[in-house]
Structures are given as structure tokens and as C-alpha cells.
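Inspection log for the structure reproduced underneath, given as C-alpha cells.
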Amino acid sequence: MRVRFAPSPTGYLHIGGLRTALYNFLLARRHGGTFVLRIEDTDRSRFVEDAEQDILEMLRWAGITYDEGPITGGDFGPYRQSERSARYAEVAAQLVKSGNAYVAFDDDDALEAMRSRHRSENNPNPRYDHTTRGEMQNSLTLSADAVDQLLSEGVPHVIRLNVRPGETVVFSDAVRGEVRFESATIDDQVLIKSDGLPTYHLANIVDDHDMGITHVIRGEEWLPSTPKHVLLYQAMGWDVPTMAHLPLILSPTGGKLSKRNAEKQGIPVSVSQYVEAGYEPEALVNFLALLGWNPGDEREVFSLADLTTAFSLERVGQSGVQFDLQKLNWFNEQWLRSKASSQLATRLLPQARAAFGCEDEAYLEQAIDMMKERMTMAADVLDASYLFKAPESYDEKAVSKRWKANSSEVLSAFAVVLSELDAWSEQGLEVSLKAFIDAQGVGMGALMFPLRMALSGVGGGPSLYALMALIGREETLSRIKRAVLTIAT
RNA sequence: GCCGCGUUCGUCUAGGGGUUUAGGACGCCGCCCUUUCACGGCGGUAACACGGGUUCAAAUCCCGUACGCGGUACCA
């Protein structure tokens, strides 16, 4: 088995692209096959300089490795289409020779003229096909001499697929079963553009054949052009690989997950944006894997390794799937909790340093330990600024609701106990606090709430015993003192 | 317009003729746990697009309609 991911460097890696890459990768790993990365850079006008680099980086971030590709190399290289032009020209020439393709000289104006001649309400998009090619300038309508003449004069031209009407093109899709198209509904696709470079359709089938690709797994947007590809394989006498068209990822409202549309709804489309937002790679991979595929049982949390043993094309769904950020966040929480605090601390230290001047990785690790079950994103720990410095303000609503007349008094009395406490530890603090409220005859809340407010400035958060143990005696006393002064007045 | 693909809780989905009072997960709501907020536990909310047919029996098979999505470029 040989599969490939063949992105076009016309933009940064898209979330849907990552899923396609993932499914290809999983299938290859599952079956001991080979995963090829091929860069389809035949569109000079939309080429984005650093897109290829982004694609490579994002795959690496996600943990998706490939066996052959640009940089990596392999026996079927080169792996950038811009470096394989000669081969496409050769195949195109063969197709012309066998009558399966033809040369066409029509420029943009001629094309538009044809379209406006035929355009009507019932035919808003006239095609260059068997019904219209007879009225155009091509090697089917011109004499051989005229064609040679134009070619020798260097007149710009393209090569088009010669689609004969009256045939039914049938292929079997691993996800959808048998799919059929009438050839009369297929246009004479441009194979070689006037700049001499191939279109996707030609380059793709040539490379898939030459690289020995056995399974083509790609997005559903390619389904309508698959009959053209089948025709091309047949014209060259090549085997058609197994086709599998994945359901499209839709926006949360069901529309296309286009950049504009999605970002309006707060859904980033570039993988790099998820990296920047701080998502765990395992979470994105896990979420994406389940978007259009399921294991058939009730498991939901999968590592990449788990996925490689569970994945199969048979369990890929057929209908479009809506992107749900909340579910992604849930996966992120799951993965965050499974990670060692020490690992997260190492990662977050630079940010903690920038925000709070925190240089102590062990301290950060303890802070993460107590915050882990409250975090959606790793960096959430840094939002709890009270872990690193005294609160600058106190939540007014919470104060007015729960700061009582005796709160300052209780707090001040407890501060005395704290200043004399021998065992400054989570357990020691808990013991002394409980002894204190017993002795004072006050309720737990009468002390806990003012204390929480003094230490954190907010109404909710981690265990106060843990918090005091973390920030230390001096800081605890100073925060209490300050709160008593600030809130009481 | 035409061509293609699709349609089970709001979302991701299981189920593919009788096992179904249609199961799980996210979300939401409630209860419990609890100093708080979370975590966790328990419970609840909520779906077979519609119409025909086939069959003793249809969410499941067939046809039609509606709706959604994709394609209809010298983009990929």
C-alpha cells in the first residue's frame, strides 16, 4: 500500500488538509504501507512563499511523519511537481497522439465569447465540451497544417482532454460505493495550461501512477472531477487506484468552512492558528480523527498510536461534518490532564517569566498541579494571576455578597495563627485552620470566603491550603493585611 | 440550470430488516461530593427530513420530493 498527501502551497495548512493527511497517515501505518508527501505547486499565480514550510512544520507538530517527500527524498522523487514538468509534457503528448487530448488555441476572449453565446438561464455556465469545441480554435477543428503553423509561430495554447459523449464512467469509492457519471456531462478539462505547466488533474494522475500510489484518499470536493481522472487513467492504460472521498468539514452552522466564513464564527482554519492558540497536538489530532470517522465502539480518547491500530476506511462516514469548537476544547482538557505538570511547566515557563517574572519552574509546576483540572488551555494557568502575585482588585459582586461585618476581624485573628504556625504545609494549614474555626466558633465559610478573597481576589479557584502552601507565609500574611485594609474601608 | 454526494438528539455519532422504551460523547439543566470554582459521580433534556412502496415486520431496502453540501476555472 502506498498513499499520499498532496497539498498545494497556495496557503497555510488548512484544518481539513490536516485531517486528510492524518487519514492517509493512519491507513499507511495501519497496513504497513508507505506514506508519501507530494507538493503540488503547479499554480504559479497562487503560490505562497512560506506555505510549504508551514505544511511541513504543522505535520511535524501533529506527529504525522511521512516516508517520502521533499527534503526527505525517496525512490520516486522529485516530490515537488514544479520539478517534474518534463514528465507531464511527455504524457500530454502521448494523449494528444492517441487522440485522447487535443491542442486548443482559444484565448480568454474567445472563451468568454463562447460562454456569452451560450449563456442562458438554463445554462449559466457553458462548458468547453463536445457540444462547443466544434466552434473553437483547436486541433479538432483546424487542419493539421494550420495547427502546425500556429504552433511554430508560438501562439499560446493549451492541451485539453478529449471527452467523448455516450460513455458511462464508473468507479468504486471506498467511502461511497459505486459512483457513475455520464461522459456527456464532463467538460474537456485543460490538462496543460498555456504557461506549459499541468493542471492538477493531469499532474495528479501522472504522479499517482508514477509514484505507485494504491489508495487516493482526499476530500469530497474532488469527487466531481474523479471521472476525468478515471478517463485519464484509462487513456494511458493505467490502473485506477482505490478512491476514497472524505466527508467535508463544515462550519458550525453547516456552511462551507472557508476562511472568511469560519473566522467570522470564531473558527480558525489554519493549523498554525491552533498551535498559536495553544492547543495540544494530541487534542487536535484526536478531534480531527473523530470528525468523519469512528471506531465503532464507545471509545473517544485516542492517541496517534491508538488511532493507527483502530483506523479503517470502512468506518469513515459519508456526510459532511460540522466543526464544534466546544468538543475540541473538551479533548484539549482531556489531554492536558493526562500530561505531567512538569512537562507543562517547562513549556509555560517563558510565558510565566514574561507575565510575572516567574523564574522558578518547580513553583510553576506546583501551580499547574493545582490548576490542571480547571484548565481548558495550558496557558489558562497564567490567567490565574493570583498564583504569581497579589490581587490588585477584589471581585466587587462577590465581596458585597459575602464579605461580612466580622470578616476583617476573623481574618486578622487567623493571620496571627498563621504567623505562628510551625508546619507551613498543605496538611498543616488545613489542621490549623480547622482548629481555628472550632476555637472561634465560626463557620467554615466565615473564614474561607474572606481568606479566598484576600488571597486571590476572586470567588472561585483551587484549594486554599494548596494556595497558601504555594505562595508561602510571608506572601499570605501580606495579602491578608492588604485585603483587610482595602476591603474594610 | 446541470452533474454528483449526502440527510439519526443543537453538534460528533452507534445502530444497516425483528435484539430499540433508538445507545454513547460534547453542550445544556438538576442532584450529590465540596470552603469556592472546577474535577468526579448520578440523573435529565433532545433525533430516525417528508411522502410513497417492498415486507408478517422498515431508522435500517427501493422510488420520489424537500433540504443541505460539493462541483460546474488555463485554482487546487
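Lettering of chains follows the sequences in order, A, B, ..., and the numbering in each one begins at 1. Everything numeric in this text was worked out from a predicted model, so none of it was measured.
Per the geometry, CG belonging to Leu433(A) stands 13 Å off C1' belonging to U36(B), to the nearest Å. Atom OH in Tyr394(A) sits about 17 Å away from atom C1' in U36(B), given to the nearest Å. A25(B) atom C1' lies 15 Å from atom CG of Leu328(A), rounded to whole Å. Between Phe47(A) atom CZ and C74(B) atom C1' there is a gap of 19 Å when expressed in whole angstrom units. Rounded to whole Å, the distance from CD on Glu112(A) to P on C74(B) is 11 Å. Regarding Tyr386(A), its OH atom lies at a distance of 15 Å from the P atom of U36(B), rounded to whole Å. For the pair Met114(A) CE and A73(B) C1', the interatomic distance rounds to 11 Å; values are reported in whole Å. In this structure, CD of Glu298(A) is placed 14 Å from C1' of C26(B), rounded to the nearest angstrom.
In C42(B) the O4'-C1'-N dihedral to the base is more than 90° from 0, which defines an anti nucleotide.
Looking at heavy-atom distances under 4.0 Å, Phe181(A) makes contact with sugar-phosphate atoms alone, never a base. Counting any heavy atom pair closer than 4.0 Å across all strands shown, Arg127(A) reaches sugar-phosphate atoms only and no base atom. Nucleic acid contact for Asp395(A): none, since no nucleic acid atom lies under 4.0 Å from a heavy atom of the residue. Across all strands, Lys256(A) comes closer than 4.0 Å only to sugar-phosphate atoms, never to a base (heavy-atom distances). As judged by a 4.0 angstrom heavy-atom cut-off over every strand, Arg46(A) is placed among the base-contacting residues. Within 4.0 Å (heavy atoms only), Leu464(A) reaches at least one base atom of the nucleic acid. Among the atoms of the strands shown, none is found under 4.0 Å from any heavy atom of Asn329(A).
Between Glu221(A) and Lys256(A), none of the side-chain N atoms (NZ, or NE/NH1/NH2) sits under 4.0 Å from a carboxylate O, so this pair counts as no salt bridge.
When the nearest nucleotides of RNA chain B are assigned to Asp41(A) and Glu178(A) by heavy-atom distance, the more 5′-ward of the two goes with Glu178(A).
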Please list, pair by pair, any protein nitrogen or oxygen found under 3.5 Å from a nitrogen or oxygen in nucleotides 10-14 of chain B.
| from | atom 1 | to | atom 2 | distance (Å) |
| --- | --- | --- | --- | --- |
| C12(B) | OP1 | Gln322(A) | N | 3.0 |
| C12(B) | O2' | Leu290(A) | O | 3.1 |
| U13(B) | OP1 | Gly292(A) | N | 3.1 |
| U13(B) | O3' | Asn294(A) | ND2 | 2.8 |
| A14(B) | OP1 | Asn294(A) | ND2 | 2.6 |
| A14(B) | O3' | Arg315(A) | NH2 | 3.4 |

Within the sub-3.5 Å range, which N or O atoms of nucleotides 65-68 of chain B have a protein N or O partner, and how far apart are they?
none

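Picking from G1(B), U35(B), C3(B) the nucleotide with the shortest atom distance to the side chain of Met448(A) gives U35(B). Closest approach to the Val179(A) side chain among C37(B), C5(B), G6(B) is made by C5(B) (side chain taken as heavy atoms from C-beta onward). Residue Met444(A) has its side chain nearest to U35(B) when only U35(B), G4(B), G6(B) are considered. Counting only heavy atoms from C-beta on, Arg337(A) has its side chain closest to G40(B) among A76(B), G40(B), G4(B).
Between the side chain of Ser183(A) and the backbone N or O of Val163(A) there is no donor-acceptor pair closer than 3.5 Å. A donor-acceptor distance shorter than 3.5 angstrom exists from the side chain of Tyr274(A) to the backbone of Pro268(A), with no hydrogens or angles considered.
The aromatic ring centres of Phe302(A) and Phe331(A) sit 6.0 Å or more apart. For Tyr200(A) and Trp222(A), the ring centers are positioned less than 6.0 Å apart.
Proximity of Arg160(A) to the phosphate of C74(B): a side-chain N or O atom is located under 4.0 Å from OP1 or OP2. The shortest distance between the side-chain N/O atoms of Lys193(A) and the OP1/OP2 oxygens of C75(B) is below 4.0 Å.
Residue Phe105(A) forms a side-chain contact (heavy atoms from CB on, under 4.5 Å) with just one option from Val147(A), Val158(A), Asn138(A), and that option is Val147(A).
If you check distances only, the side chain of Ser194(A) does reach the base of C74(B) with a donor-acceptor pair under 3.5 Å.
Counting non-hydrogen atoms of other residues, nucleotides and ligands closer than 6.0 Å to CD of Glu396(A) gives a total of 12 or fewer.
The partner of A66(B), taking Watson-Crick or G-U wobble pairs whose two distances both stay under 3.5 Å, is U7(B).
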